[in-house]
Asker: 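This is the structure, below, for whatever I ask next.
Fair warning: this is a prediction, and the values are worked out from it, not measured in the lab. Side-chain atoms are counted along with the backbone in the values below, which use heavy atoms only and exclude waters and symmetry mates.
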Amino acid sequence: MTTANEQQWAAVDAYVEQTVVRQDEVFDRVRRRADEAGMPRIEVSAAHGKMLALLAEISGARRVLEVGTLAGFSTIWMARAVGDQGQVITCEYEPRHAEVAQANLEDAGVADRVQIRLGAAEDSLRQLIAEEPEPFDLVFLDADKAGNARYLQLAVQMARPGTVIVGDNVVRGGQILDADSQDPDIRGIWDFLEAQGSSPVLEATAVQTVGAKGWDGFSLAVVRSA
Ligand code: SAH
Ligand code: DHB
Ligand code: MG
């Protein structure tokens, strides 16, 4: 057995995508719109998108909060999973990204159950808290990693016992082990993971992943008491 390289990780992702995920053709058009708009290719893989959808389904989620919309890949996976009575609120600060995402949500037939909040995530989350929303069942944090600990703290204020919180990109090719890192995203990931490990209200883990997007990982937490 040789050590798997990045090409093999991507090939296995492609195999998994074709064999078990069975992503439909809406995502081809979503991809095309994102490419035409020159957006970065940093969306969740199909395998991860499907995992988010399954987490939503397993937890019986009806209300989802997302931070970081991009072109709406992860949004569409979760919006489908919450069903037509569900709602997804997703925060994005790039107007162009929000515009492309809106077109993609319409194409996917889920625009009626998704609200894009345009603005800096922290402002949007504070605004949301002020609106005293029904608690969210699932939270996906995937915008700037520097702000993640803050977003976590704000999201917990809109959670209930049992709310599931997923954080993306918590490994970054192992960069989180560079103890001297001055990268605000890496430092943000430390704060984010340490906050989860020391929180009396969260029970959490982090899982490393390899695939088409290289070596990374996600955190998974459940709110014990809010
Ligand atoms: N969840 C998406 C990918 C999100 S990429 C998917 O998997 O399909 C991260 C997104 O967060 C980008 O669109 C970026 O513009 C947005 N973003 C970054 N920092 C932000 C901030 N402070 N507030 C709101 N959005 C932010
Ligand atoms: C980056 C951001 C992401 O959300 C992601 O999944 C991959 C990469 C980035 O900013 O590089
Ligand atoms: Mg991400």
Asker: If you compare all heavy atoms of V16 against all heavy atoms of A47, which two are closest, and at what distance to 0.1 Å?
Answerer: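 Heavy atoms only, the tightest pair is CG1-CB, 4.3 Å.
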Asker: Between atom NE2 of H97 and atom CD1 of I116, what is the distance when rounded to the nearest 0.5 Å?
Answerer: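 So the gap between those two atoms works out to 12.0 Å.
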Asker: Do Q23 and W77 have side chains that approach each other closer than 4.5 Å (heavy atoms only, starting at C-beta)?
Answerer: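 Yes, at least one pair of side-chain atoms sits under 4.5 Å.
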Asker: Are T209 and H48 close enough that some pair of their side-chain heavy atoms sits under 4.5 Å apart?
Answerer: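 They are in side-chain contact.
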Asker: So, using salt bridge (Lys or Arg N to Asp or Glu O under 4.0 Å) as the criterion, who are the partners of D123 when residues are at least two apart?
Answerer: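 Result, salt bridge (Lys or Arg N to Asp or Glu O under 4.0 Å) vs D123: none returned.
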Asker: If hydrophobic clusters are built by linking Ile, Leu, Val, Met, Phe, Trp and Tyr wherever their side-chain heavy atoms come under 4.5 Å apart, do L154 and V223 end up in the same one?
Answerer: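 L154 clusters together with V223.
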Asker: Report all side-chain donor-acceptor pairs from residues 81-88 shorter than 3.5 Å, counting only partners two or more places apart or in another chain.
Answerer:
unit_1	atom_1	unit_2	atom_2	d
Q87	OE1	R63	NH1	3.0

Asker: Could you pull out all residues at least two apart from D24 that satisfy salt bridge (Lys or Arg N to Asp or Glu O under 4.0 Å)?
Answerer: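 If we apply the salt bridge (Lys or Arg N to Asp or Glu O under 4.0 Å) test to D24, skipping adjacent residues, the hits are R80.
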Asker: Report the C-alpha distance between N169 and K213 in whole Å, list the side-chain angles of each, state the deciding distance to 0.1 Å, and finish with yes or no for side chain to side chain contact (heavy atoms under 4.5 Å, CB included).
Answerer: CA-CA 10 Å; N169 313 114; K213 291 175 66 185; 4.3 Å; yes
Asker: Would you indicate whether the side-chain heavy atoms of L220 and L55 approach each other to under 4.5 Å?
Answerer: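 In short, these two side chains touch, coming nearer than 4.5 Å.
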Asker: Atom CZ of R172 and atom CH2 of W215: how far apart are they, to the nearest 0.5 Å?
Answerer: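 Those atoms lie 13.5 Å apart.
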Asker: Which residue pairs satisfy the salt bridge (charged side-chain N to carboxylate O under 4.0 Å, His left out) criterion with at least one member in residues 135-146, sequence neighbours excluded?
Answerer: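 Applying salt bridge (charged side-chain N to carboxylate O under 4.0 Å, His left out) to every pair that reaches into residues 135-146, excluding sequence neighbours, yields D137-R160, D142-K145.
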Asker: Tell me every residue that passes salt bridge (Lys or Arg N to Asp or Glu O under 4.0 Å) with E122, counting only those two or more places apart in sequence or in another chain.
Answerer: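 Per chain and number, E122 pairs via salt bridge (Lys or Arg N to Asp or Glu O under 4.0 Å) with R126, R150.
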Asker: Would you please name every residue forming a salt bridge (Lys or Arg N to Asp or Glu O under 4.0 Å) with R96, sequence neighbours left out?
Answerer: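 Only E99 meet the salt bridge (Lys or Arg N to Asp or Glu O under 4.0 Å) criterion with R96.
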Asker: Do the non-hydrogen side-chain atoms of V139 and V164 ever get within less than 4.5 Å of each other?
Answerer: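 Answer no - side chains too far apart.
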Asker: Compare all side-chain heavy atoms of W9 with those of V12 and state whether any distance is below 4.5 angstrom.
Answerer: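 Answer no - side chains too far apart.
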Asker: Answer yes if V30 and L52 sit in the same cluster of Ile, Leu, Val, Met, Phe, Trp and Tyr residues linked by side chain heavy atoms under 4.5 Å apart, and no otherwise.
Answerer: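 Same hydrophobic cluster.
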Asker: Who else is in the cluster with L70 when I, L, V, M, F, W and Y are joined by side-chain contacts under 4.5 Å?
Answerer: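 Members other than L70 - counting any ILVMFWY side chain reachable under 4.5 Å - are M39, I42, V100.
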Asker: Say you draw a straight line from CD of Q102 to CD of Q115; how long is it, rounded to the nearest 0.5 Å?
Answerer: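 Taking CD in Q102 and CD in Q115, the distance rounds to 10.5 Å.
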Asker: For G72, is there any backbone N or O sitting under 3.5 Å from a side-chain donor or acceptor partner on N104?
Answerer: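 Judged by distance alone, no pair lies under 3.5 Å.
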Asker: Hey, quick one: are Y93 and L105 part of the same hydrophobic cluster, counting side-chain heavy atoms closer than 4.5 Å, chains of contacts allowed?
Answerer: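 Different clusters.
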Asker: Check side chain to side chain donor-acceptor pair (under 3.5 Å) between T90 and all other residues, then give those that pass, not counting sequence neighbours.
Answerer: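 T90 satisfies side chain to side chain donor-acceptor pair (under 3.5 Å) with E66, T69 only.
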Asker: Closest approach of G68 and E92, non-hydrogen atoms and distance?
Answerer: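 Scanning both residues, the minimum pair turns out to be C-OE1, 4.1 Å.
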Asker: Nearest 0.5 Å please: distance from the CG atom of L141 over to the CG atom of L152.
Answerer: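 L141 atom CG to L152 atom CG measures 6.5 Å (nearest 0.5 Å).
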Asker: For the hydrophobic clusters of this structure (ILVMFWY residues joined by side-chain heavy atoms under 4.5 Å, transitively), does one cluster hold both L138 and M51?
Answerer: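 Same hydrophobic cluster.
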Asker: Please identify each residue that fulfils side chain to side chain donor-acceptor pair (under 3.5 Å) with Q196, with sequence neighbours left out.
Answerer: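 For Q196 the side chain to side chain donor-acceptor pair (under 3.5 Å) partners, ignoring immediate neighbours, are S219.
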Asker: Taking atom CD of E132 and atom CD1 of I129, what is their separation to the nearest 0.5 Å?
Answerer: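 The CD atom of E132 sits 10.5 Å away from the CD1 atom of I129.
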Asker: Is there side-chain contact between L125 and L65, with at least one heavy-atom pair below 4.5 Å?
Answerer: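 Sidechains of L65 and L125: in contact.
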Asker: Holding to side-chain contact (heavy atoms from CB on, under 4.5 Å), I want the full list of residues that pass it with R41, two or more places apart in sequence or in another chain.
Answerer: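 Partners of R41 under the side-chain contact (heavy atoms from CB on, under 4.5 Å) test: R31, D35, E43.
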Asker: Looking at side-chain heavy atoms only, is the closest gap between F192 and V170 below 4.5 Å?
Answerer: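 Yes, side chains in contact.
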Asker: For a side chain to side chain contact (heavy atoms under 4.5 Å, CB included) check, start with the C-alpha distance between I76 and F27, then their side-chain angles and the critical distance, and finish with the verdict.
Answerer: CA-CA 9 Å; I76 291 169; F27 287 96; 3.7 Å; yes
Asker: Ignoring hydrogens, what is the shortest heavy-atom contact between S225 and P161? Give both atom names and the distance.
Answerer: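 For S225 versus P161, the nearest heavy atoms are CA-CG, 4.1 Å.
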Asker: Would you list the pairs meeting salt bridge (charged side-chain N to carboxylate O under 4.0 Å, His left out) in which at least one residue belongs to residues 100-119, sequence neighbours left out?
Answerer: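 Sorted result for residues 100-119: R29-D107, R33-D107, R117-E131.
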Asker: With sequence neighbours excluded, give me every side chain to side chain donor-acceptor pair (under 3.5 Å) pair touching residues 174-193.
Answerer: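 The answer is none; no pair qualifies.
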Asker: Report the distance from atom CG of D168 to atom OG of S74, rounding to the nearest 0.5 Å.
Answerer: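 D168 atom CG to S74 atom OG measures 8.0 Å (nearest 0.5 Å).
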Asker: In this structure, would V166 and V67 fall into the same cluster of hydrophobic residues linked by side-chain contacts under 4.5 Å?
Answerer: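 No, V166 and V67 fall in different hydrophobic clusters.
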Asker: In sequence, state the C-alpha distance, the side-chain angles, and the governing distance for I189 and N148, and then conclude on side chain to side chain contact (heavy atoms under 4.5 Å, CB included).
Answerer: CA-CA 7 Å; I189 293 168; N148 247 356; 5.8 Å; no
